[in-house]
Every structure is written in structure tokens, then in C-alpha cells.
Amino acid sequence: MSDDVPLRRAAPQGFLPIHTNAFDRVFVSVVCFVAIHLFWMRFLEQDISLYVATVLSVILGAIIIARG
Amino acid sequence: MKRDRKGLSLLFWLFSSLITLFPIYWMFVVSAKSRVELFGAPTFLIKSFFSENYWATLTNTSFQGYMFNSIVIATSNALLVTTLSLFATYALSRYKLSGKENIFFWTITNRMAPPAAFLLPLFLLYTQVFVVGDWKMFDTRIGLILLYCVFNLPFAIWTMRGVVDAIPQELDEAAFVDGASTWQVILHVILPLARPGLAVTGILTWVFAWNEYLFAATLTSVHARTITTGLAEFVTVTGTNWGQMAATAMLTLIPAIIFLSLVQKHIVAGLTFGAVKG
Amino acid sequence: MSGLKRMLLGAAVAGLLVGAGPARADFWSDAAKGLEGTTIHGVSESTPPSNYVKDVLAPAFTKATGIKVEFEATSWDQMYDKAIKDMEANTGIYDFVYIEQDIVYSYLSRDFLVDITKSLAEKPNLKAPDFDPAMFTTFVNYFKGDKGDIFGVPMEAFIKVYLYRKDLFEDPAAKEAFKAKYGYDLAVAKTHQQYKDIADFFTAWGKEKGIELWGSTVQAHTGHPASWYEFFESIAPTFGVYNWGIDASKNYAATVEHGGSMNSPESKKALEYWLSLLPDAPPESTASTWDEVAATFAAGRTAQGLVYGENAAWIATNDTKSKVVGKVGVALPPLEPGVLEAAESGKGYIGYYDGGAFGIPHSSKNKDAALLFLEYIAQPSVQADWAVAGSRITHQATYDDPKVVAQDAKTDGYYTLMKNDGRLFAGAPPYPFHAQVREATAPFFYQAITGELSASDALDQMAAAAEKELTKLGYRK
Amino acid sequence: MRPQSVGWLFMAPTLVILFVFGVLPFVYVLVISFFDWNSFAADPTMRFSGVQNYRDLVFDTGYLMSLWNTLKFGVFAVASEIVLGYFLAQLFMRNFPLKSFFRTIHTLPLMIAPVAVGATWRLMTVPGLGPIPYYLDKWFGYDYLISRYAGQAFFTTVVMDVWHWTPLVTLTLLAALSSMPKEPFEQAQIDGANKLQTFWYVTLPLLKPAILAAVFIRLMDAMRTVDEVWMLTGGGPAAATRYVGLYIWRVVFPKTDYGYGSAMSLITLYLTIVMCWLLYAGLVARRDLRKPE
């Protein structure tokens, strides 16, 4: 049983609505990364460069991985 | 009262069988018609049996080969997949593997890919990477058997997981206490109890492998062609040979029904299962 | 393949082996020295001509040379896909591939194919004494490169002709009623207006008599490229719109604005005319590809129609497949004024000349053996039986063979028509971006058939889409 | 007593096969999706084009429409299959004469290859010649023309899918039902629960894994349907049944637009994964994951 513990965060809950482990959070941030880029290309890229989206989603990803 | 319900249920089953069978019956009607009869007002009854459609397929040696390939590929794949999925779900159920939920979910995603774009890399793998001397994985049965695992394993693991999880751990714990090895536990405790689930998984994986078209069409050429790709041979610029196609499809039903009846009785075996547990 | 046909084919093999005689057998076994036991591998669509090669010519070739032939006959889409993948990836699975006339420019543009003329010049020991490219029909021109070298050996060729029901056209009652209604004699249509009148007339005739009869076939599948082809290959040229309305000399323009003619007034008129035939067509027309059109006509459900010539023979002669045996007339398609003159002077064409050839991919590892095989199937002596089995003619010697002459009489002179007027027909335009433009424009075309778009709007959007695709592909600068 | 390594050993063959035949092609497709590559373009070589394929894709109304249609198709088909399949599975749990005979009949549609299913349904529905449109017209005067009317074509593909795949759901649920413990039902009976309550509080929770498995499998298969619809309508009329699998197929095969097709495949895969993950996290994992270890 102890094998499993390090993967679960010591703090029982992050801000995500479900209990997550590291894999889940990486997954969620990748999903967000792709989604942000797709929406950005569709609606915002005419005005704002796509790199902004990249920076934003990396920051968001970092937050999710750290605190999700 | 009771008799009435029996009659009613029989009526229901007859009716629903009629609906289920109609398209198959129509396939049969088409298979019994010559080409010119098809292009006219449809009739439900068969006036004459145009047996040439069947003979043409039965006497065609390449179709005999396709049928043989299909049987070998589907059966080997079903055996391989059910075995591997039993192992995998046993591991997922009984061992504390780190991140096993994620692994489980990842295995499932392998079934989700739309096949078209993945054919190119697979073609390259089969013709240029998996090559030993003169031997290529392209156009071999083993190539298809392994490839079909990609969409069958996720399915099998998902179905089997519920089954294996539902088998009480106390049973194998007890066996371990009696000194059984892991193999023996799987063979003598898990396997008998998982039989209905395994049977269903076996049937369905067999069916998926038997019916697969796109991969088989792209990754085989002459030697490992399956019967479904053979069906597409009837669609040509000079005319779809509907009659012979339907006849061939009817013929492919025969091995399928044999396989089904061999395996299906194991599903019923599960009916007594609740008692074992209780 | 039917048992009867199988027997006939068997007889043909036997005849061929005896007829082709010992004199030639010498060449084949000499040329194949050192190649015995190799296996060549080919892919083709499973059409009657291909199946004839697979079942008759390939075994005969093996007998003559000791070279084994593995022949994969598959569906149209698969054939393309696998041949292209093989040649693109340079894997060398196939030693000969089927090249449809419309894809040959794509292959040539990528230099996928072996130059047959050059190879034979380099290896004179492989050159069969009776192999002469000049003896092929003009169809072989489609498989020639810039310098006139051939890259494929033609194995099937057809023209899309106007088939009509002789029995109906000659029916006195119908003739009288037609004259009373339209003021001129019922006869094979020369113009689109006549064609439309006849279509209207027979549709009404069928309704009145309560029989399953309509005025015209229309190859108008709403989800299959067949409908797109019928319009651009068979209808638009008869209105004077050639090469899909794309002008290569004007930077591949498609829109009228840039100098193309895909949405020109003639093109719009052509599409409106074609769509106006739909109410005169049997209900299955919007689900019809080339195949169902032939079957519809063979079932006697229409009075006239444009049908691919490869079907002409079985429609006219095979009574297990056709209800109109002996009642089929063959003619040139109806035209707008001036189009025939343009075609005769070589400036245009009046319909589609379709077919294919076998070529050798550069990736092949058994080029010599494949070359021999292609020469083998190009022998004059095998052509006649093959022509009868597959109603295809690619070789000039074939027309005069008694078997073909007999078949010609039964098909109301289809082969004669092909021989005399074949030059008025043309294959697909020499564009390497064939399927790409078709796929880009077809969705709008389907919408025109279902009525979501008007003919004019559909063609405008198609022309724009074609230009966009060509720009993306880098042809249009 | 049960070291992790043994567990990994049992997982190993599965993981190796999925890696070689699943992940390697995936990586290839991922790389290709950032390239502009068409065998028959003026420049047939592969050229790096960054995210251009993805940029084209989010503006490609044809693709977005086909995604939307696929989703509708999936939801309608899968919902009907689950309801029908559950109903039939429950009925098969009872005893009645000729049971195994009827069960075999109700499994038959599964045994037919999608290519042949599509062909059969096409022949049944081809306007003017198929029995369905012919008799609908003759008896009821109803104009059933799936090659003309988008709604009818969509509906027909759904019915065909339901006909073909309901047996899969029935079988899966039947297996689950037959391996269900009897205890909770007896308990419910003792507690005086009525049929609906028993269904809601006992059957459904116990069946949940099996139902979910069926839903997921069917949903992902519906998202990548190609053969059946290709044979039935060819994606027509116009784009009404041009589901995403078919759409990608047309881009990759006839158009040989490998880069764009790869990008399209990946986005479709992405959407399917996200959709399934949301369902999975929301319905299955939620409770399990919150459970203290």
C-alpha cells in the first residue's frame, strides 16, 4: 500500500474538482494547452500573437501541476 | 395468466427476431438473385435461386484462402487478446501498480484513433522497419494479429476489468494461504469465475478482428488477405457484383455462427455464478 | 466469375497456348533465362479486363517463362492508395501497377514510373519481336512522356457513349405520340434540347402506361465522385467547357474572373441542363455511380442515357445481366452547336475516353521480369479474346479480328464507333492534381444535386474552391 | 507477498504491444501534422509548416460540421443502443422457450462485416429499388429518398448502427447481469423496495461498470465509423453523413494531404479522449479516487 502514497499529494485536495495524482495533472494541463491554442487560433490570433497563448498555457499548466 | 405471458413473450421474441433478421434476410434475397433481377421492383419472396453467386465464391481458390486467413487471424487474435487482457486486468485489480488508473485510461485511448491517418505510419513500419532479410511484416497474418490488439486490447481490458474486480479477493487470498502459486490462482480461481466475461470478450474481439476492413486492406496484399477485404473486391468501376458480394457475406456468417455457438454457452455458465459468491 | 465464363476462359488459355505456338515460346523462354522462379507482384482493380489478366494471361505467362505472377485485384480506392504508398515510400512491393488514365499525370509528375521505351532500348534481349508501341490505338498517347516514350502498356480503354433503346425509339405508337407533342420526328438526339424532349416524353410515357420507365439515366450520386465525373467529363465538354474549366496556361485559373471557365455561362448552362434531367431519371439516380447507371439501363428502366462503354457489351449481349439484349442502340452524345466542329478540328472533345494501363514503378525490384510480362500482355495474339471478355480495345490489330467483328454487330457498332470516332473523345486533362481538385470542389457539387445550392452558386463556389486548392498545392502562383 | 514487479510482468505484453503498434504510429502522425506534405503538390516534399495545419483546421467549416454531425450520430446511436440493449439483456435473464435460439438470432448482426452491413442497408434503402422506399411509397405514399434528404440519411445511419451494434451492448450487459451477486436483490426484496427502486438503487450501481464500458466502447467506435456509412451513403447527400472518420479518410486517401489529415486525426483523437476522460472522471473515477486509500 505504501507504494502508492508518494504519488498522491500530501494535501488531500487541490483546486480541481477531483482527486488527482501527478499524471492526471499533467494530462489536464496538456488538454488545456491544446484547447487554448485551438481557440486562440480561431478567435484571437488576428489581433494577438499565438506565442501569448503559449506563454499563458504554460503558466496555467504550471499552476495546475503544482496545485491542482 | 402464466400461459398468456408465455405466449406474449414468444410473440415479442418472434417480432423482434423478425426485425433483427430482416436485413440478413434481404442479404440472402440479394444473394439469390441474378444481377438483372436486382434492378426492378423489389420482391420479398425468392422465385428462383441463382446459385451461381455461391458457387463462384465457393470454387474460387483465392476466396478459400481469404476465409482461411480470416479464421486464423480472428481466432488467434481473440485468444491472444483474452489471455493478455486477463493478465493485465488481474495485475490492475490485485497489484498496487503506481499510476494504474492512468495506465488503464491510456490503454483505452488506443482504440480512439481514427484509423485513416494511422495507416501511413503503419504501412511504413510494416514495409520498412519490421523487416528481417527478405521477410516483411507486410502481408503476413502475424502482422494483422498483433495489430488488431491495438483496438481489441483496450476493449477487452475495459470489459474484463469489471469482471475481475468483481471476483472477491478473499478467494485468491485463501488459495495463496493454501500454498497456490500466482499461476495456479489465475488458472484455478480467476479463470473459472471470469468465464462469462471472458466468453463475451472472446466473442466480441473475434468479431472485431473478423470484420476489420481498413487495416487489412492496406497492410495485406495477396497472402494474408481477409474475407472482408475480399468483399470490397466486388465493388468495381464496371459494376458492383451485389449478388456475389451478398453470397460471400452469407458464407462468412457460417464460421461466425459456429464460433458463436462454441463460445456462447460459457455465458450461460455464469448464471450459477451468484451462488458461488453468496 | 461465372462457371460458363470460366470454361470459356479455360478454352481461351488452351487456344492461346496452342495458337501462340512454339515459334514465340522460344523468345519468352530465352528472354526469361535467369529469371525463372522470380515472382512479380502486381495490383489492379478487379474489373473484367484485369480479372482476365489474372486468370488467363498471368498463368499462360508463367507457363511460357517460369516467372510467377501474383496479382492482387482489389477495389478502386485501395488500388490507388496502395500503389501510391508503395511508390511514395519506395518500398518495392509492386512490380507492376494499374495506372488509370486520369492519375497518370500525377505519377509522371513524381517520376514514379519506369520508361518502358528506354528500358527496352537498353536491353534488346528483352524486346519481344512483336512488341510495337505504334500498333496501339491512340489511347497509348496518354501514357507517353514529354519525349514520346511510353510509361505504360494500355490494358483497357472505353468511351462513354450515348445508349438508347432501339425498341422504344422505333415503336410506332411512341413515334406518333412524340411527333404530335413536339412537332418533329422521334430520333436519336443530336442536341440537348432533343435529348431533354425525349427524356420528358418517355418519363410521361412510362407514367401513363404504369410501367417502370423513365427518360434518362443520370449518374448523380450525392456522396460519390461519379457524379462529379459525369458532369466534367461527359456533360460540360458537350457544352464546350473543357478540362474541367481550369486553364493551365492562365496560371491554373478556374474562375471566369481570372480567365478560367468553371463558372462560365456555358458551364452553368450545362449544369442546369444536367440537373433538369433529374426529374426524368429513375429515383435511384441520386444514389447511382457509373455502375448503377449501367445496371439501370440494363434493367430496361430508362429509354436513353450516357453509359460507360465498358458496359456496352454486356448490356447488349449478356441476358443473365441485362433485360435489353438486342434492343440497344449506340450513338455519339448530344451536343451544343459548334462543339462537334471544335472536336473535329482538335480544339475540343465531346466526351470521355477512359481506361488504364500497366506500368512499372521505379521502386520495383524485378523490373526485367515485369517488363516481359507487360510485353506479353501486349501481344497482338492475345488481344481479341481479351477484348471479347472485357469489352476493351487498346490495340489496332483487335478491331479486325472475327470475334470482335461479331461482337461489334451485337453491340450496334460500339467497336466501330470507338474505332472511327474515338479521336473525338478525350481522357482527363493532363493535371497532376486530379483527385485534389475533385475532392475540394465535390462538396459544392453534391449540394447542387440535392438542391441546397443553385447551379450558378455551386459553380461559383467550386471555381473559388478549386483556385484555393491549387494555390495551396502551389500550382497557382 | 505480492511484489509490484510481478504485476508489471503481467502488464508487460499488453504495454509492449500497445507501445509498438499504438504509440509509435502516434508519434509519427504527431510529427507529420506539423508538416505540409502532399504527394501531388507542386512541391511533393515534406516542408515544416508549424501549426499551419491546425490553423487551417479551426477554420475548416466542413471539418467542424462533420465533427458536429459525428457527435449527434454518436449520441443518438449510443443512447438507443444502451436502452435497447439493457432491455433485451434483462429479458434474456428470464426463462422462456427457445431462449438460446433467440439469443443467437439477436447476436447475428454483430457477425456481419461493416462493409457488408453497409452494402445490405444500401440495397434495402436505395431509392426506387430497395424494399423500404418502394413499399413506403406504395403503401403510405411516403417519399423516402436517402440520397436526397439529409435528415432521412442521418436517421438511416443511426438505425443501421443501432441494428448492428445493439447486440454488443446486450451481450456485455448479459454477461454482467449473469455474474451479479444475488444477495443485494434479496436484501432489497426484504426491505420492500419496488421494481423501480430496486433498479435504481441495486441494479444500476452494480451494472454501472458494464454499462460504462459499453457506452465508452460504442462512443469511441461511433466516432471513428468509416466502412458502414461509406458503403451506405458515401457520406452524402452532400455532407449530411460525412462523419469525421470518413472526412479524414477522404483527406488522407484521395487527396493525399497527409499533413492536414494527420492534424485532423489528432484533433479528433484529442476530442474523443477529452470527452471520454470527462465522462470517466465524472462518473467512474470520482468516487473511487476520493475514497481514502
Side-chain angles (χ1 to χ4, degrees), chain B residues 9 13 17 20-21 23-24 26-27 30 39 41-42 84 87-88 90-91 95 97 101 107 109-118 120-122 146-147 149-150 153 155 158-159 162 166 182 196-197 200 204 207 211 213-214 228 231-232 242 245 249 253 256 260 267 270-271 273-274 277-278, chain D residues 2 4 6-7 10-11 13-14 17-18 21-22 25 28-29 96 102 105-116 119-121 123-124 129-131 134 168 171-172 174-175 178-183 209-210 213 217 220 224 226-227 245 248-249 252 258 261-262 265 268-269 272-273 285:
Chain B
S9 102
W13 286 115
S17 300
T20 313
L21 283 181
I24 300 174
W26 193 252
M27 200 160 91
V30 171
F39 279 75
L84 290 187
F87 289 162
Y90 180 75
Y95 292 87
L97 306 178
E101 284 306 319
T107 57
T109 60
N110 279 291
R111 198 188 171 87
M112 300 178 189
F118 287 79
L120 183 64
L122 284 168
L146 289 175
L147 181 63
C149 290
V150 174
L153 264 177
F155 166 77
W158 197 310
T159 348
T182 313
V200 170
L204 294 175
V207 161
N211 289 342
Y213 171 72
L214 267 184
T228 27
L231 287 176
W242 297 114
M245 186 179 188
L253 266 179
L260 183 68
I267 303 175
L271 282 171
F273 183 46
K277 264 185 165 179
Chain D
R2 290 188 177 191
Q4 266 212 43
V6 177
F10 278 122
M11 283 301 286
T14 301
I17 288 180
L18 289 182
F21 296 96
Y28 184 88
V29 171
F96 54 88
F102 283 123
I105 284 182
H106 282 79
T107 320
L108 278 183
L110 263 188
M111 301 291 159
I112 304 171
V115 177
T120 310
W121 279 74
L123 287 169
M124 286 197 319
L129 301 169
Y134 187 85
L168 182 145
L171 274 186
T172 322
L174 190 61
S178 37
S179 52
M180 224 182 248
K182 287 200 175 112
E183 265 177 342
I217 294 295
M220 41 181 116
R224 38 175 229 149
V226 180
D227 324 358
I248 295 172
W249 186 81
V252 180
Y258 304 123
S262 299
S265 281
T268 311
L269 178 62
T272 319
I273 291 179

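In what follows, every chain begins at residue 1, and chains take the letters A, B, ... in the order their sequences are listed. Since we're looking at a predicted model, the values are computed, not measured.
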With a 4.5 Å cut-off on heavy-atom pairs, point out which of [options] contacts chain D the most.
{"options": "B/Leu147, B/Ile24, B/Leu231", "answer": "B/Ile24"}
{"options": "B/Thr159, B/Thr107, B/Leu120, B/Val30", "answer": "B/Leu120"}
{"options": "B/Ala116, B/Pro121, B/Ala91", "answer": "B/Pro121"}
{"options": "B/Cys149, B/Pro114, B/Ala113", "answer": "B/Pro114"}

Looking at every heavy atom in both [X] and [Y], which two are closest together, and how far apart are they?
{"X": "D/Arg224", "Y": "B/Pro115", "answer": "CB-CD, 4.0 Å"}
{"X": "D/Met220", "Y": "B/Arg111", "answer": "SD-CB, 3.8 Å"}
{"X": "B/Ser17", "Y": "D/His106", "answer": "OG-CE1, 3.4 Å"}
{"X": "B/Ala117", "Y": "D/Gly261", "answer": "CB-O, 4.0 Å"}
{"X": "D/Leu269", "Y": "B/Thr109", "answer": "CD1-O, 4.1 Å"}
{"X": "B/Ala88", "Y": "D/Thr14", "answer": "CB-OG1, 3.8 Å"}

Expected output: side-chain B/Asn211 to main-chain D/Ile112 donor-acceptor under 3.5 Å = yes
Assert top hit (heavy-atom pairs under 4.5 Å, partner chain B, pool D/Gly245, D/Pro114, D/Pro109) equals D/Pro114
In terms of heavy-atom pairs under 4.5 Å, which option from D/Ala116, D/Pro131, D/Ser265 contacts chain B the most?
-> D/Pro131
Region of [X] that comes under 4.5 Å of a non-hydrogen atom in chain D:
{"X": "B/Leu146", "answer": "both"}
{"X": "B/Leu253", "answer": "side chain"}
{"X": "B/Met245", "answer": "side chain"}

Stepwise side-chain contact (heavy atoms from CB on, under 4.5 Å) check, D/Ile17 with B/Leu84 = CA-CA 10 Å; D/Ile17 288 180; B/Leu84 290 187; 3.8 Å; yes
Look up atom CE in D/Met111 and atom CG in B/Leu260, then write down how far apart they are to the nearest 0.5 Å.
-> 4.0 Å
How far does OG1 of D/Thr172 sit from CZ of B/Phe155, to the nearest 0.5 angstrom?
-> 5.5 Å
Below 4.5 Å, heavy atoms only, C-beta onward: do B/Leu204 and D/Leu110 meet side chain to side chain?
-> yes
May I ask you to decide if the ring planes of B/Tyr95 and D/Phe10 are parallel, tilted or perpendicular, using 30° and 60° as cut-offs?
-> tilted
Test log, rule side-chain contact (heavy atoms from CB on, under 4.5 Å), inputs B/Asn110 and D/Phe21 = CA-CA 9 Å; B/Asn110 279 291; D/Phe21 296 96; over 6 Å; no
Relative to chain B, which segment of D/Ala210 carries a heavy atom at a distance below 4.5 Å: side chain, backbone, both, or neither?
-> neither
Region of D/Trp121 that comes under 4.5 Å of a non-hydrogen atom in chain B | side chain
